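Heads up, the thing below is written out as structure tokens.
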Amino acid sequence: MKIMRPMGAVGIVASAALVLAACGSDPASTSSGAPTSGAAAAATGTANVACGGKTPLSGEGSTAQKTAVDIFAQQYAKACSGQVVNYNATGSGAGVKQFNAKQVDFGGSDSPLSGNDATAAAARCEGNPAWDLPLVIGPIAIGYKLDGVSSLTLNGEVSAKIFNGSITTWNDPAIAALNPGVTLPSKPIQVLSRSDESGTTDNFQHYLAAASKGAWTQGTGKAFKGGVGNGASGSNGVASAIRAADGAIGYMESSYVKDGITAAKLDSGSGAVELTAQNVGKALDAAVFKTPGSNDLAMDLDKIYAANTPGAYPLLLATYELVCSKGYDADTAKAVKAFLTVSATTAQQPIADKGFVPLPQSLQDKVLTAINAIS
Amino acid sequence: MTRNRTKVRPGDRIFKNLSTGAGVVVVALIGLIGLFLLVQAIPALRADNVNFLTSRTWDTSDPNNLRFGILDLLLVTVSTSLVALVIAMPVSLGIALFLTQYAPRQLARPFAYVIDLLAAVPSIIFGLWGILVLAPELAPIAQWLNETLGFIPIFGQGNVFPNFSGTIFTAGVVLAVMLLPIITSLSREVFERTPTPHVEGALALGATRWEVIRTTVLPFGKAGYIGASMLGLGRALGETIALAVILFIPRGKLFDFSIFDGGATFASQIAANYSEFNNPTSAGAYIAAGLVLFVLTFAVNFAARAIIGDKKGD
């Protein structure tokens, strides 16, 4: 088929127009709706960083923390010029596997190492334990759209009943009891969940299991087990679906709560608490670790979910960087320490602008202690 | 075969061996892929607690208690592809006939170029366009169809009701747009090859444009057109990311034989759960589903080639 050159140019312009028209607006927008960067205890000051060591540093794992780790890498390059970090977001499972196989210098995981993975990691670190360092904390919002209801309070039990189908209409007495003075319509509740496997779903179901006083019996895991409603692809898909339907409710990372979606307040027993960075920080102040006293900072999130800390917003997810406590060669250890120090300090404020919660002082101190102990 | 007395030139022999080698490599590659799928899938199939081919549940969260069956996936895959074909086939036929019979030469070439460019748009773009732009526009139409024709099972209430966006209907329309360039370009090639004596003979007997098409172009090009549609079907069966983004998954409900249902196809199910293949047994379940898709697509493409191959150069 002979195409004349001018016609080819027309075709190129036509296709460019098609492509540009098809590109929607960036869903993961750069301004976060819900959490205000609270002054709460997030001392993000610049610690002294000993630059140098291996470059590029390689990491792999969780997709939930990809945005954050990219910012960490940027800040690290700013603080230590010439130092590069390459992070590949292939999923927590792949990240753990690659870390254990010595293919990458650190791993990113939505859940701490356990069982066989922990043993393999210790072998990877020349017989020394691997540590889980929480550097990226993100609140999970229960977002809803309901005409006429601009403020909604839920608790663990009622949320569990909504998400497993025991409560089916908005004006159910259980919801009304938590929202005195609010007129709830008698619309049916449309539940949205994630159709793809996700750490957000896992943490949300853990919250429901821990905080619902037995109302959630469907189990936990990366696949939504509530058995009610519809699953949409990605947090973006869930948010769009909620926006399009009056009376819809779902769970998502807090940065997706905007343009018509409102985040519900959570009442853990001491009154309704709004989703703000400050309130999530309060929940983290009461954090309990799986191995208290050690530098392995794997958090027992179930205790945070079930806790009744006044003023704390408990529904959060924490992603960890997996590092060797010892067992790196000198170059790698130096670079890993420098990178993580920048990530835990200067880089915490920039990631707050993307909807994450900066580490509160108490947690940051522990993380820095652990980083300094890497050798 | 009598041996040639003349010497075979080295160039001929080299080229013959290279071509044979290339052919063998491709066939071997397909065989190895099939073998890889089979080997990875067998442990999971052995550990499956329900019938793989007839069960409608899919639960691979516990590696010690795998319960996965592909029937629902198969039904949704076939439904989306059928909806896409029902929409794309007449439109492609129209476009191909327009480009070869009615359009002036100067218009036909750039038109054909733009249609072919449609094939170059990545499927993720189609998926995003489908769910963000097209679905809100189609939802009222779908709702109207459901209300007026709801007594017919395929237009009945879907399992993602009251949502009308993430349905097989929306996915089918988007898939149809993706299939248009394939079916159109192949059909156009076939229609252009209608023997000129046939066309001229019909015109000489006083046939109108449409009668010429009906009596000469369509009978000649029928097999090629069907073959092109089946190649399009093969593409539709394997479409992954667009369907993963568009289709909603109904919780606790199975495919209900309505085009307003949601669900997962083979490819979209694998894509949605791909990043968390934590252990080989659970991953094997998805690979087993991939194997079924591989066999299905292979069979469809094989049939398509057989139909086109048989009747070419009538």
Side-chain angles (χ1 to χ4, degrees), chain A residues 1-4 6-8 10-12 14-15 18-19 21-25 27 62-63 89-94 96-97 110 116-117 165 188 190-199 202 219-234 236-237 240-241 244-245 247-248, chain B residues 58-62 106 108-114 116-118 120-122 125-129 131-133 135-136 139 159-166 185 188-189 192 241 243-253 262-264 268-269 271-279 282-283:
Chain A
M1 179 174 70
K2 263 202 280 191
I3 313 257
M4 298 186 292
M7 288 299 126
V10 168
I12 289 172
S15 66
L18 284 169
V19 169
C23 290
S25 56
S62 159
T63 46
T90 50
S92 305
V96 170
K97 227 189 282 177
D110 290 343
N116 291 338
D117 287 334
Q190 290 180 50
V191 172
L192 270 309
S193 46
R194 291 281 295 269
S195 58
D196 47 327
E197 297 215 344
S198 131
D202 191 19
T220 58
K222 293 198 152 122
F224 182 68
K225 295 210 166 76
V228 67
N230 294 333
S233 172
N236 193 34
S240 310
Chain B
W58 188 278
D59 182 9
T60 56
S61 44
D62 181 4
Q106 305 295 74
R109 264 187 241 127
F111 232 82
Y113 194 59
V114 174
D116 285 342
L117 281 176
L118 208 56
V121 178
I125 303 275
F126 275 119
L128 291 174
W129 169 74
I131 194 63
L132 294 174
V133 175
N159 55 19
V160 287
F161 186 83
N163 181 290
F164 280 99
S165 307
S185 70
R188 218 182 60 234
E189 298 285 320
E192 260 166 17
I241 201 71
L243 295 185
V245 170
I246 294 176
L247 286 174
F248 277 22
I249 311 287
R251 302 291 184 193
K253 296 207 192 104
S268 77
Q269 176 88 311
N273 298 313
Y274 158 75
S275 60
E276 304 296 336
F277 281 177
N278 284 327
N279 59 77
S282 300

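Worth saying up front: this structure is predicted, and the values here are computed from it rather than measured. In what follows, chains carry the letters A, B, and so on, assigned in the order in which the sequence lines appear, proteins first and then strands, with residues in each chain numbered from 1.
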Structural part of B:I246 lying under 4.5 Å from a heavy atom of chain A: neither
Donor-acceptor under 3.5 Å (B:N159 side chain, B:G262 main chain): yes
Interface residue of largest heavy-atom contact number with chain B, from A:A89, A:A245, A:S193, under 4.5 Å: A:S193
Region of A:S195 in contact with chain B, defined by heavy-atom distances below 4.5 Å: both
Main-chain N/O of B:T60 paired with B:S282 side-chain donor or acceptor, under 3.5 Å: yes
Exam field: side chain A:D202 to backbone A:G221, donor-acceptor pair closer than 3.5 Å: yes
Side chains of A:D110 and A:S62, donor plus acceptor under 3.5 Å: yes
